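Reviewing the structure listed below.
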Amino acid sequence: MAKKKSSKSTSNTIALNKKARHEYFLSDKFEAGVELQGWEVKSIRAGKVNISDTYIHLKNGEAFLLGSQIQPLNSASTHVICDPMRYRKLLLNKREIDRLVGATEREGFSLIATAMYWKKCWVKLEFHLAKGKKMHDKRADTKDKDWSREKERLMKHKAR
């Protein structure tokens, strides 16, 4: 007899940065592991993560996650100092870090975190090379979205 699969239909996504697509032109996508402490993993499992104003800083050939908030649980250990805004090291290959350094220093890109998710038992961070949008770019994007929505409505009513 075949084993029944567990009926857990949980999503692997931990946190999303929905604001990033509105504020930046996103180009190349990267994936990195995050170096976490034990209390942080427990808080992530409880869903106490915010990456809305998160970016990546490159320093001395290493990448660090800045601006992410992982709120400690009330039941966290008393002998561990829990800093919700600490710098978290990203686990990347040397080749990837060199490419990111070149893009940020020469071409003026920023590194913006867009999603945090589970991959097997590891926490991964998805981030993009990004350039900031001007106000007129944001207006044009909203105008295009509104027009596509209106087109869908018109086509739906004509089909009836």
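Quick caveat: nothing in here was measured; it's all calculated off a predicted structure. The first residue of the sequence shown is numbered 1, and numbering continues consecutively from there.
- A 4.5 Å side-chain heavy-atom check between R99 and D28 finds at least one atom pair inside the cut-off.
- The backbone N or O of L129 lies less than 3.5 Å from a partner atom in the side chain of S27, making a donor-acceptor pair.
- Using cut-offs of 30° and 60° for the angle between ring planes, the F127 and F30 rings count as parallel.
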task: Start with the C-alpha distance between M116 and K124, add both sets of side-chain angles, then the distance that settles side-chain contact (heavy atoms from CB on, under 4.5 Å), and finish with yes or no.
output: CA-CA 6 Å; M116 187 180 280; K124 297 288 184 172; over 6 Å; no

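- Panel note: side chain E40, backbone Q37; a donor-acceptor pair is recorded below 3.5 Å.
- In this structure a side-chain-to-backbone donor-acceptor pair under 3.5 Å is present from E96 to N93.
- Counting only distance, with no hydrogens or angles, the side chain of N60 and the backbone of E62 share no donor-acceptor pair below 3.5 Å.
- Judged purely by atom type and a 3.5 angstrom limit, K48 has no side-chain atom pairing as donor or acceptor with the backbone of K42.
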- prompt: Step by step, would you call L90 with V34 a side-chain contact (heavy atoms from CB on, under 4.5 Å)?
  reply: CA-CA 5 Å; L90 296 179; V34 184; 3.9 Å; yes

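- The distance from atom NZ of K89 to atom NZ of K59, rounded to the nearest 0.5 Å, is 12.5 Å.
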message: Assess the residue pair E35 and Y87 against the criterion (side-chain hydrogen bond (donor to acceptor under 3.5 Å, both in side chains)); give the C-alpha distance rounded to whole Å, side-chain angles, the decisive distance to 0.1 Å, and a yes or no.
response: CA-CA 10 Å; E35 187 178 275; Y87 292 9; over 6 Å; no

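- Of the inter-residue distances, the one linking D98 atom CG with L92 atom CG reads 11.0 Å to the nearest 0.5 angstrom.
- A distance of 5.5 Å separates CG in L125 from CD1 in I56, rounded to the nearest 0.5 Å.
- Annotation for A130 and Y24: closest pair CB-CB, 3.7 Å, computed over non-hydrogen atoms.
- Test K19, E126, R21 against T114 for side-chain contact (heavy atoms from CB on, under 4.5 Å) and you get one pass: E126.
- A distance-only check finds no donor-acceptor pair linking the side chain of D53 to the backbone of G67 [under 3.5 Å].
- At least one side-chain heavy atom of H22 sits under 4.5 Å from a side-chain heavy atom of T142.
- H128 and L26 make their closest contact through CB-CD2, 3.8 Å (heavy atoms, listed as atom of the first residue, atom of the second, distance).
- Under the 4.5 Å side-chain heavy-atom criterion for grouping Ile, Leu, Val, Met, Phe, Trp and Tyr, V101 is not connected to L66 through any hydrophobic cluster.
- Under the 4.5 Å side-chain criterion, counting only non-hydrogen atoms from C-beta, V123 is in contact with W118.
- Rounding to the nearest 0.5 Å places OG of S68 at 8.0 Å from CD1 of I51.
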task: For T54 and I112, run side-chain contact (heavy atoms from CB on, under 4.5 Å): C-alpha distance rounded to whole Å, both residues' side-chain angles, the deciding distance at 0.1 Å, then the answer.
output: CA-CA 6 Å; T54 304; I112 305 298; over 6 Å; no

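- Rounded to the nearest 0.5 angstrom, K143 NZ and D146 CG are separated by 10.0 Å.
- Salt bridge annotation for R149-E152: absent, with no cationic side-chain nitrogen under 4.0 angstrom from a carboxylate oxygen.
- Proximity of a side-chain donor or acceptor of R88 to a complementary backbone N or O of R86 within less than 3.5 Å is detected.
- In this structure, R95 has no salt bridge (Lys or Arg N to Asp or Glu O under 4.0 Å) partners at least two apart in sequence or on a different chain.
- The backbone N or O of I70 sits nowhere less than 3.5 Å from a side-chain atom of S43 that would complete a donor-acceptor pair.
- Residue L65 is grouped with residue I97 when hydrophobic side chains (ILVMFWY) are merged at heavy-atom distances under 4.5 angstrom, including chains of intermediate members.
- Separation of atoms CG (L91) and CD (E31) is listed at 11.5 Å; rounding is to 0.5 Å.
- When the shell of 6.0 Å around OH of Y117 is examined, it contains more than 12 heavy atoms from other residues, nucleotides or ligands.
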